[in-house]
Amino acid sequence: AGKKKDAGVGLRIEQSPAGANAWATVISTSVGGRQTTPLYWGHAWIPSEFSTPNAEKTWDVRVTRLSGNADEERNFGNFSWIALRTLTHGDPAPVPAVAMLAMRIRSSAQLQGVLDTFNVVARTIARDWDASTGQWVWRPTSQPAALFRHVLQHPAREKPATDAQIDLERLMHWDGVTRPTGRAFNGVIEAKGSLWDVLVKIGRVGRAMPMLRDLQFSVMIDEPRSVPVRMFTPRNSWNYDGEMIHAATPNAYRIGYVDQAQEWRTDEVVVYDDGFDASNAVRIDKVEWPGICDRTQAWKEGRFHLAQ
């Protein structure tokens, strides 16, 4: 086996306004190395710095090999132009209400073609109620009240709701209920569904249900009340007969959630009712809880609903 020797190829890159045949040299250089595997080389430049002004901003590019061919028996000198890429500064997706992400990836033999999937931890920036200032403040938030309003007024909707169409006073009160108890919604909404379905998911984590109140989007909060909302007496009702049928109460809930503490892996926690544990629980209902990413929060919600 022979020893490796340095080998190089001289080349010149030129550009011209498209169709003008007015070539200007971008770079003349030599590319070399001492290896038996292919050598990749690239060059980046700004076209406007090497030619006369071009209003169309379209260019012809040519690459010329300046050195002779190798013998191709012991010395390999094939030179190939693999790709020409253009980078344009500007908004790549001029669509409102679309979040974009840019990545810089180191080239290696492990990647080829388009990056199909990747993981990212993101938070929604929305108008969040700040009780200390009495203002709705734009900031990253996971509060159910803020996300409830954000969904209703999202610019991606055909007709976003106005402030007058939302019961903001009720959302402020709801925020004061959920924030001290640490109830946060951290779900990913990616499947097709109705607006109401999304509001129900957010409200469920905050122990509330969406409703229309005086033709405004509002919430019905599950919280202790000191004043009756409605009373049925012989003065306002008669010949009345009602029945409420409840499903069998489970001994425990097996709650599925995405655990932030375990690098966002899917996990589950079994929450037992009073008097039950793994040794005697027979009826265990499985529940998926979108929006919860904390084991403690999942456990608290399970205990709350077992107590109903």
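A quick note: this is a predicted structure, and the numbers were derived from the prediction, not measured.
- Within the 3.5 Å criterion, the main-chain N or O of Val219 finds a donor-acceptor partner in the side chain of Arg170.
- Counting heavy-atom neighbours within 6.0 Å of Gln308 CD, excluding the residue itself, gives a total above 12.
- The side-chain heavy atoms of Arg183 and Val177, taken from C-beta on, include a pair separated by under 4.5 Å.
- From Glu14, atom CD reaches atom CH2 of Trp23 across 7.0 Å, with rounding to the nearest 0.5 Å.
- Minimum interatomic distance between Trp59 and Ser48 (heavy atoms only, all atoms of both residues): CZ2-N, 4.4 Å.
- Formation of a donor-acceptor pair under 3.5 Å by the Thr124 side chain with backbone atoms of Ala126 is not found in this model.
- At least one donor-acceptor pair closer than 3.5 Å links the side chain of Ser16 to the backbone N or O of Asn21.
- Residues Arg157 and Leu195 form a side-chain contact, since some pair of their non-hydrogen atoms from C-beta on lies under 4.5 Å apart.
- Heavy-atom neighbours of Glu263 CD from other residues, nucleotides or ligands within 6.0 Å: at or below the threshold of 12.
- No continuous path of hydrophobic side-chain contacts links Leu306 to Phe276 [ILVMFWY only; heavy atoms under 4.5 Å].
- When every heavy atom of Ser142 is checked against every heavy atom of Asn186, the shortest pair comes out as OG-OD1, 2.7 Å.
- Here the closest heavy-atom approach between residue Ala22 and residue Pro17 is recorded as O-CD, 3.9 Å.
- Using a 4.5 Å cut-off between side-chain heavy atoms of Ile, Leu, Val, Met, Phe, Trp and Tyr, with links allowed through other members, Trp45 and Val63 fall into the same hydrophobic cluster.
- By the 4.0 Å N-to-carboxylate-O rule, Asp285 lies close enough to Arg283 to be salt-bridged with it.
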Per-pair distances, 0.1 Å, donor-acceptor, side chain in residues 201-211, under 3.5 Å, sequence neighbours excluded:
from   : atom 1 : to     : atom 2 : distance (Å)
Arg204 : NH1    : Glu288 : O      : 3.4
Arg207 : NE     : Glu301 : OE1    : 3.2
Arg207 : NE     : Glu301 : OE2    : 3.2
Arg207 : NH2    : Glu301 : OE2    : 3.2

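- The OG1 atom of Thr141 sits 10.5 Å away from atom CD1 of Ile125, with the distance rounded to the nearest 0.5 Å.
- Asp167 contributes no side-chain N or O that, together with a main-chain N or O of Gln216, makes up a donor-acceptor pair within less than 3.5 Å.
- Put simply, Ile166 and Val151 are part of the same group of oily side chains (I, L, V, M, F, W, Y) that touch within less than 4.5 Å, one to the next.
- Under the 4.5 Å side-chain heavy-atom criterion for Ile, Leu, Val, Met, Phe, Trp and Tyr, Ile221 and Leu152 are members of the same hydrophobic cluster.
- A ring-ring contact (aromatic ring centres under 6.0 Å, His included) check over residues 282-308, counting only residues at least two apart or in different chains, returns the pairs Trp289-His305.
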- Message: Determine whether Met172 and Trp136 satisfy the following criterion, side chain to side chain contact (heavy atoms under 4.5 Å, CB included), listing intermediate values before the conclusion.
- Response: CA-CA 9 Å; Met172 296 174 196; Trp136 291 89; 3.5 Å; yes
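- By the neighbour-count criterion of 12 heavy atoms within 6.0 Å, atom CD1 of Ile46 is sparsely surrounded, having that number or fewer from other residues, nucleotides or ligands.
- Contact detail for Val271 and Ala298: the closest heavy-atom pair is CG2-O, 4.4 Å.
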- I would like to know whether Leu101 and Met103 meet side chain to side chain contact (heavy atoms under 4.5 Å, CB included); could you show each step before the answer? CA-CA 7 Å; Leu101 183 147; Met103 292 187 293; 3.3 Å; yes
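- Residue Leu215 qualifies as open at atom CG: its count of foreign heavy atoms under 6.0 Å is 12 or below.
- Classification of the His150-His154 ring pair by plane angle, with boundaries at 30° and 60°, yields perpendicular.
- Dense packing is recorded around CZ of Arg123, with more than 12 heavy atoms of other residues, nucleotides or ligands lying under 6.0 Å away.
- Grouping Ile, Leu, Val, Met, Phe, Trp and Tyr by side-chain contacts under 4.5 Å, direct or through others, leaves Met231 on its own.
- The pair Asp274-Arg303 meets the salt-bridge criterion, with a side-chain N (NZ, NE, NH1 or NH2) lying under 4.0 Å from an Asp/Glu carboxylate O.
- Smallest separation of non-hydrogen atoms from Ala18 and Asn54: N-ND2, 4.4 Å.
- Asp277 is linked by a salt bridge (Lys or Arg N to Asp or Glu O under 4.0 Å) to nothing, counting only residues two or more places apart in sequence or in another chain.
- The backbone N or O of Ala161 lies less than 3.5 Å from a partner atom in the side chain of Gln153, making a donor-acceptor pair.
- In this structure the side chain of Trp81 reaches within 4.5 angstrom of the side chain of Val61, judged on heavy atoms.
- Applying the ring-ring contact (aromatic ring centres under 6.0 Å, His included) test to every pair with at least one member in residues 155-199, sequence neighbours left out, gives these pairs: Phe148-Trp174.
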Identify each donor-acceptor pair in which a side-chain atom of residues 25-34 lies under 3.5 Å from a protein atom, sequence neighbours left out, and give them as a table.
from  : atom 1 : to   : atom 2 : distance (Å)
Arg34 : NE     : Asp6 : OD1    : 3.1
Arg34 : NH2    : Asp6 : OD2    : 3.4

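- Residue Leu212 is grouped with residue Leu199 when hydrophobic side chains (ILVMFWY) are merged at heavy-atom distances under 4.5 angstrom, including chains of intermediate members.
- Between the side chain of Thr181 and the main chain of Thr178, a donor-acceptor pair closer than 3.5 Å is present.
- Under the 3.5 Å distance criterion, the side-chain polar atoms of Arg254 are left unmatched by any main-chain donor or acceptor of Ile284.
- Panel note: side chain Gln135, backbone Trp129; no donor-acceptor pair is recorded below 3.5 Å.
- A distance of 12.0 Å separates CG in Leu147 from CZ in Arg149, rounded to the nearest 0.5 Å.
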- Item | Step-by-step side chain to side chain contact (heavy atoms under 4.5 Å, CB included) determination, Leu11 to Ile13 | CA-CA 7 Å; Leu11 59 92; Ile13 301 176; 4.1 Å; yes
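- No donor-acceptor distance shorter than 3.5 angstrom exists from the side chain of Gln262 to the backbone of Asp259, with no hydrogens or angles considered.
- The pair Asp128-Arg179 meets the salt-bridge criterion, since a charged nitrogen lies less than 4.0 angstrom from a carboxylate oxygen.
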- Item | Verdict with supporting geometry, Val269 and Tyr257, side chain to side chain contact (heavy atoms under 4.5 Å, CB included) | CA-CA 8 Å; Val269 57; Tyr257 68 103; 4.0 Å; yes
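- One N or O on the side chain of Asp60 and one on the backbone of Gly19 form a donor-acceptor pair closer than 3.5 Å.
- In this structure, the separation between CG on Asp175 and CD on Gln143 is 5.0 Å, given to the nearest 0.5 Å.
- The two atoms that bring Ala252 and Val270 nearest to each other are CB-CG1, 4.2 Å, heavy atoms only.
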